Amino acid sequence: METFKISELAREFGITTRSIRFYEDVGLLQPDREGAIRVYQRRDKIRLKLILRGKRLGFSLAEIRELFDLYDTDQSDSQLRQMIKIIDEKQDKLQRQLDDIQVIMQDLDTAKERCEHALGQNNRQHKNRHNHRKTLE
């Protein structure tokens with residue numbers, strides 16, 4: 001069975017060992033121990049990957065814990081419906097954020113085009129003044 005040291009997981013995921021210990025302290029990871037050494041199983045590695053992905057997608061640690069708890073227990077119909085509800089709510093929130101980002105990106109594109117246009121006009125005016133001075137000399 002493949003096992004991992006805390007330093008190996010930290011390096012692979014680009015996080016600190018302190019972050020991994022924090023996830024353990026809040027109950028999201030439960031590594032085995034060999035004396036004082038933490039020994040992480042494949043399951044822990046997968047959970048850590050899901051924690052980091054969940055955080056990146058805007059899930060709170062409490063929401064991640066709830067999803068893990070629902071997944072780890074016997075999956076009754078009501079638990080599965082609750083999991084679907086949580087996922088639907090998060091998808092709705094992310095879709096709203098994506099829509100907002102698209103609007104902001106369009107606004108930024110418009111502002112950039114205006115700046116580039118104004119910059120082009122400023123450069124033409126500067127050249128015209130420079131050429132006008134040369135003809136006066």
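Numbers for residues simply follow the sequence, beginning at 1. Not measured: the values here are computed from a predicted model.
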[X], [Y]: one ILVMFWY side-chain cluster at the under-4.5 Å cut-off?
X: Leu52; Y: Ile87; answer: yes
X: Ile37; Y: Tyr40; answer: no
X: Val39; Y: Ile46; answer: no

| If you round to the nearest 0.5 Å, how far is CG of Leu67 from CD1 of Ile51? |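 One gets 11.5 Å once the value is rounded to the nearest 0.5 Å.
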
| task | Please round to the nearest 0.5 Å and tell me the distance separating atom OG1 of Thr17 and atom CG of Leu9. | result | 11.0 Å

| task | Evaluate the criterion side chain to side chain contact (heavy atoms under 4.5 Å, CB included) for residue pair Gln41 and Glu2; output intermediate values, then yes/no. | result | CA-CA 7 Å; Gln41 306 296 327; Glu2 188 177 19; over 6 Å; no

My understanding is that only residues two or more places apart in sequence, or in another chain, count here; which of them pass side chain to side chain donor-acceptor pair (under 3.5 Å) with [X]?
X: Thr3; answer: none
X: Lys55; answer: Tyr23
X: Ser7; answer: none

Excluding sequence neighbours, so at least two apart, what forms salt bridge (Lys or Arg N to Asp or Glu O under 4.0 Å) with [X]?
X: Lys112; result: none
X: Arg65; result: none
X: Arg21; result: none
X: Glu8; result: none

| Pairs where residues 33-52 contributes a residue and the test salt bridge (charged side-chain N to carboxylate O under 4.0 Å, His left out) is met, not counting sequence neighbours |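 The answer is Glu12-Lys45, Glu24-Arg33, Glu24-Arg38, Arg43-Asp72, Arg47-Asp72.
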
| field | Full working for side chain to side chain contact (heavy atoms under 4.5 Å, CB included) between Phe22 and Leu28 | value | CA-CA 9 Å; Phe22 173 76; Leu28 294 174; over 6 Å; no

| With sequence neighbours left out, which residue pairs that include part of residues 83-92 fulfil the side chain to side chain donor-acceptor pair (under 3.5 Å) condition? | Glu63-Lys90, Lys85-Glu89

| task | Would you mind reporting whether Leu48 and Ile15 have side-chain heavy atoms less than 4.5 Å apart? | result |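 Yes. Closest side-chain heavy atoms under 4.5 Å.
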
| task | Determine, stepwise, if the pair Ile20 / Phe13 fulfils side chain to side chain contact (heavy atoms under 4.5 Å, CB included). | result | CA-CA 10 Å; Ile20 295 172; Phe13 290 105; over 6 Å; no

Enumerate, atom names and distances included, each donor-acceptor pair closer than 3.5 Å involving a side-chain atom of residues 94-111, sequence neighbours excluded.
residue: Gln95; atom: NE2; partner: Asp99; partner atom: OD1; Å: 2.9
residue: Thr110; atom: OG1; partner: Gln106; partner atom: O; Å: 3.1

